[in-house]
Amino acid sequence: MSRLYGDPIEVWVRDGQPARFVWRDRLYVVRQILDHWVVAREWWKTSETDPGERRFWRVEAAAGRDVGTYELRFDTASEAWLLLRAWD
């Protein structure tokens with residue numbers, strides 16, 4: 001089962017992919033990228049130069065011994081990250 005969140009997170013990137021993130025004051029280390037996709041929508045554009053992209057990653061990450069699956073989103077216009085979903 002998964003839960004929706006939409007919480008802002010801080011992300012460290014390595015080689016263009018999330019490597020670590022902080023969510024709810026806990027540090028998560030990405031162990032594996034499970035999936036990656038990009039969605040571009042015209043209505044997401046904030047300017048003529050904005051591609052209107054949202055980049056998504058489904059990752060396996062660990063906070064200490066706790067391992068879970070998380071869906072992260074990067075907004076290219078605002079350069080903000082969100083934790084969208086977590087699986088039990």
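Computed from a prediction, not measured in an experiment: that's the story for all the values here.
If you take OG1 on Thr76 and CZ on Arg54, they are separated by 6.0 Å, rounding to the nearest 0.5 Å. For the atom pair CG (Leu34) and CD (Glu60), the distance works out to 6.0 Å, reported to the nearest 0.5 Å. Note that CG of Asp15 and CD1 of Ile33 are 10.5 Å apart. Values are rounded to the nearest 0.5 Å. Annotation: the span from Arg58 atom CZ to Arg85 atom CZ amounts to 7.5 Å, rounded to 0.5 Å.
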For this session: Take Trp87 and Arg3 through the test side chain to side chain contact (heavy atoms under 4.5 Å, CB included) and record every step on the way to the result.
Result: CA-CA 6 Å; Trp87 280 264; Arg3 293 195 173 114; over 6 Å; no
For this session: In sequence, state the C-alpha distance, the side-chain angles, and the governing distance for Phe56 and Val39, and then conclude on side chain to side chain contact (heavy atoms under 4.5 Å, CB included).
Result: CA-CA 8 Å; Phe56 298 84; Val39 178; 3.8 Å; yes
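A continuous path of Ile, Leu, Val, Met, Phe, Trp and Tyr side chains, each step under 4.5 Å between heavy atoms, connects Tyr28 with Trp81, placing both in one hydrophobic cluster. One hydrophobic cluster holds both Val59 and Leu83 under the rule that ILVMFWY side chains link at heavy-atom gaps under 4.5 Å. Residues Val30 and Phe74 share a single hydrophobic cluster, defined by chaining ILVMFWY side chains whose heavy atoms lie under 4.5 Å apart. The hydrophobic clustering, which links ILVMFWY residues whose side-chain heavy atoms are closer than 4.5 Å, places Leu82 and Leu27 apart. By the rule that hydrophobic residues join a cluster once side-chain heavy atoms approach within less than 4.5 Å of another member, Val11 and Tyr5 end up as members of one cluster.
The shortest heavy-atom contact between Ala63 and Arg26 is O-NH2, 3.2 Å. Of all heavy-atom pairs spanning Arg31 and Ala62, the tightest one is CD-CB, 3.6 Å.
The aromatic rings of Phe21 and Tyr70 sit perpendicular to each other, their planes meeting at more than 60°, with 30° as the lower class boundary.
Within 6.0 Å of CZ on Arg24 lie more than 12 heavy atoms contributed by other residues, nucleotides or ligands.
Look at Arg73 and Glu71 and you find no salt bridge, because none of the NZ, NE, NH1 or NH2 atoms lies under 4.0 Å from a carboxylate O. Asp75 and Arg55 are not joined by a salt bridge, as no carboxylate oxygen comes within less than 4.0 angstrom of a charged side-chain nitrogen.
Using modelled atom types, one finds a donor on one side chain and an acceptor on the other under 3.5 Å when comparing Trp23 with Asp7.
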